[in-house]
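Following: one structure in structure tokens, then a few remarks.
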Amino acid sequence: MSSFWTAALTIAVKDMKIEWRTKTAFASAIVFAVLVLAVFYFARDPTAVGALDIAPGALWVTFTFAAMLGLNRAFLLESENRAMDGLLLAPIAPSAIFVGKFLGNLAFVGVVELVSLPLFILFYDLPIIRQLPALVGVIAMATIAFVAVGTLLSAMVVRTRFAELMLPILLLPFLIPPVVGAVQLTSRILSQRPLSDLAGWLKLLASFDIIFVILCFFLFEATLEE
Amino acid sequence: MKRVEPALKAQGVTRRYGHRVVLQDVSVEVSGGEFLMLVGHNGAGKTTLIRVLAGLLKPSAGTVQRSGATGMVAHSSMLYDALTARENLAFFGRLHGHNDPALIQRVLEQMGLAPHGDRRVATFSRGMVQRLSIGRALLPDPELLLLDEPLTGLDDTAAATIREVLHDLQQRGRAIVVATHQLAELVDLASTVGFLVGGRLAGLEPVAGRDGHSVMAHYRELAANV
Amino acid sequence: MTRRDHALALARRGQVITAIALAGLAGVFIRALAFTPIERTQGLAQKIFYVHAPSAWAALLAFGITGILSLLYLWLKDRKIDSIAAASAEVGLAFSVVMLTTGPIWGKTVWGTWWSWDARLTSTMFIFLLFIGYRVMRGAIVDPEMRARYSAVIGIMALVLVPFIHMTVYLFRTLHPDPVLLKPSSPSMPGVMLVTLLTSVAVFTLMYVGFVTQRYAIAILRDVREEAASAVS
């Protein structure tokens, strides 16, 4: 394995280890997710709007906002004791730091999603065992998209004033394509309709993933102190 | 005689933040076995100079060349509070391409932290954090070690350990640069002293047996003339 | 010539361009109201179009130029480029406000609704929001060099994002038929109206150039003053 991937994985594993040990971020993101899912369930007129109609939107608002809690912290770990300097002093490519943080954030958001998805199915009483692989695929695609952008933006906002306010303002516009796409796909999957008429959304999501992961990878170096 | 490449060579280094000039035309050269002490009041540009010499900041003008691996100890520990001492060293060691538990054990022993290797850094005293921070800087077996105020806020035992380590490194032909405003404890180790006044190197002289008081008196003289 | 003189000369040039553009704008108003026929189905409300569409064009132009200058900045690291990009973004913000206020007024009479999530309208609303994010980001960073780099990153990201938003809304709309009374298809406008519209587009472009020139001159003057202040301290 090349030193690039060794460095990236070392950073990702370190982040997971810290998150797992402190557990505050995991716990608050998961509790947050449960609360939002519950609030959305009751934020409707039950005689007019079925739970199934509101479910896709509820799921994605939950996922993205819970992810934002984690993304806000992503570079806080590195800025606390200026550990970022330690990473930059090491003989590794700066982009390996991006990939490491990206994978670490992906794992964090992935775990939060993994815990809240069964709760979501339970709360909204969704008989979707057969569609589960498709749903997981869509979740993975959309998650990659907003975690890539979120990782890049959080590297910047951590060094500005009002960091916690800044991330949502900058990140939310970038969530429109992946989240709208994910909601559309989720809704088709939940209503058990064929995915064939959704090729457009899948293409949109896939191209967003590819373009923004590459873009963030190359732009990351510009966010480092010079 | 064969000319040996100096471990550190900075020429005409200038650093600006916006219009504020923090460093102006600083040139220093440090070879293996040399110990350069940078003296200056707060705001004289010591920290910026150390960061530029380490390669963490790009000079606005001038060049910095380092011949080999560089270790740096700053105000901030560059450590993760949630990880143990050993895990911190293992993490940074891996980024430097060393994955040897024996090396980490040796560094822990050298810094007098062997009994505390499996404790989280969050539980460490200031002196222990500083010793671990130096241990982290020693991991890549650096040719050049840069230290910013290494003895600030330390008790006598910690200060003694650090003195010992620095002396040992100097004996083994490593180049050392220490920036400080309280030089009484280390001036007897230093071979050269540089006087930073308002971002300029006002003087670069051999220590020649002078003690902290006479060096400080000379600094005040230089500062008054600028 | 000192930088200050240069900036003052630039500001004067910007003022002249703006003055010409404003005279042109008065001309467009007169031509639109008195010498262009009233559109048969939309009535008088269609006149707003002569301000709405050109301001949308100017906002889009500002957005594109900010994005391209951002890319250039990361490449060349010239602070002038950053200042022009920032000036362009700020002027673009103003134009997008004009666009977002005239749009609903026109939409209410023609579409029968204040707001419609049409692809163009939605994209331009996000351009407005991205301009605001860009502005807020600049305000939160003190070090000018870091501010320039971070703004450039946002500028490039935003430029790539907007086509995606456009596509998203387009895909969304094809699934949900929209509730408009009249759908303005691509204009098969009578020649007279088209001439008025194109004149207005030219005038707004000139206005953009005039504003950005002046805004850039102010940025230089501010920089000169800061330089003088830091030389004293």
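This one's a predicted model, so the numbers in the text were calculated from it and none came from an experiment. The basis for the numbers below is simple: all heavy atoms, side chains too, and nothing from hydrogens, waters or symmetry mates. Letters go in sequence order (proteins before strands), and every chain restarts at 1.
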Would you mind checking which part of [X] comes under 4.5 Å of any heavy atom in chain A, side chain (CB onward), backbone (N, CA, C, O), both or neither?
X	answer
F92(B)	side chain
S77(B)	both
T84(B)	both

Heavy-atom distance under 4.5 Å to chain B: side chain of [X], backbone, both or neither?
X	answer
L224(A)	neither
T10(A)	both
I92(A)	side chain

Side chain to side chain contact (heavy atoms under 4.5 Å, CB included) partner of R51(B), chosen from T47(B), L49(B), T48(B):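 Testing each of T47(B), L49(B), T48(B) against R51(B), the sole residue satisfying side chain to side chain contact (heavy atoms under 4.5 Å, CB included) is T47(B).
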Full working for ring pair (Phe, Tyr, Trp, His ring centres under 6.0 Å) between F91(B) and Y80(B): CA-CA 10 Å; F91(B) 171 70; Y80(B) 301 99; 5.6 Å; yes
R15(B) to Y17(B) six-membered ring, cation-pi geometry met (6.0 Å, 45°):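 Yes, R15(B) sits over the ring of Y17(B).
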Aromatic plane relationship, F98(A) with F220(A) - under 30° parallel, 30 to 60° tilted, over 60° perpendicular: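 F220(A) and F98(A): tilted rings.
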Between Y124(A) and Y41(A), ring centroids under 6.0 Å: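 Yes, the ring of Y124(A) comes within the 6.0 Å limit of the ring of Y41(A), centre to centre.
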Most chain A-contacting option - heavy-atom pairs closer than 4.5 Å, from L95(B), D81(B), V129(B):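 When all of L95(B), D81(B), V129(B) are compared, L95(B) has the most.
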Heavy-atom pair with the smallest gap, counting every atom of Q105(B) and A114(B):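 Residues Q105(B) and A114(B), closest heavy atoms: NE2-CB, 4.0 Å.
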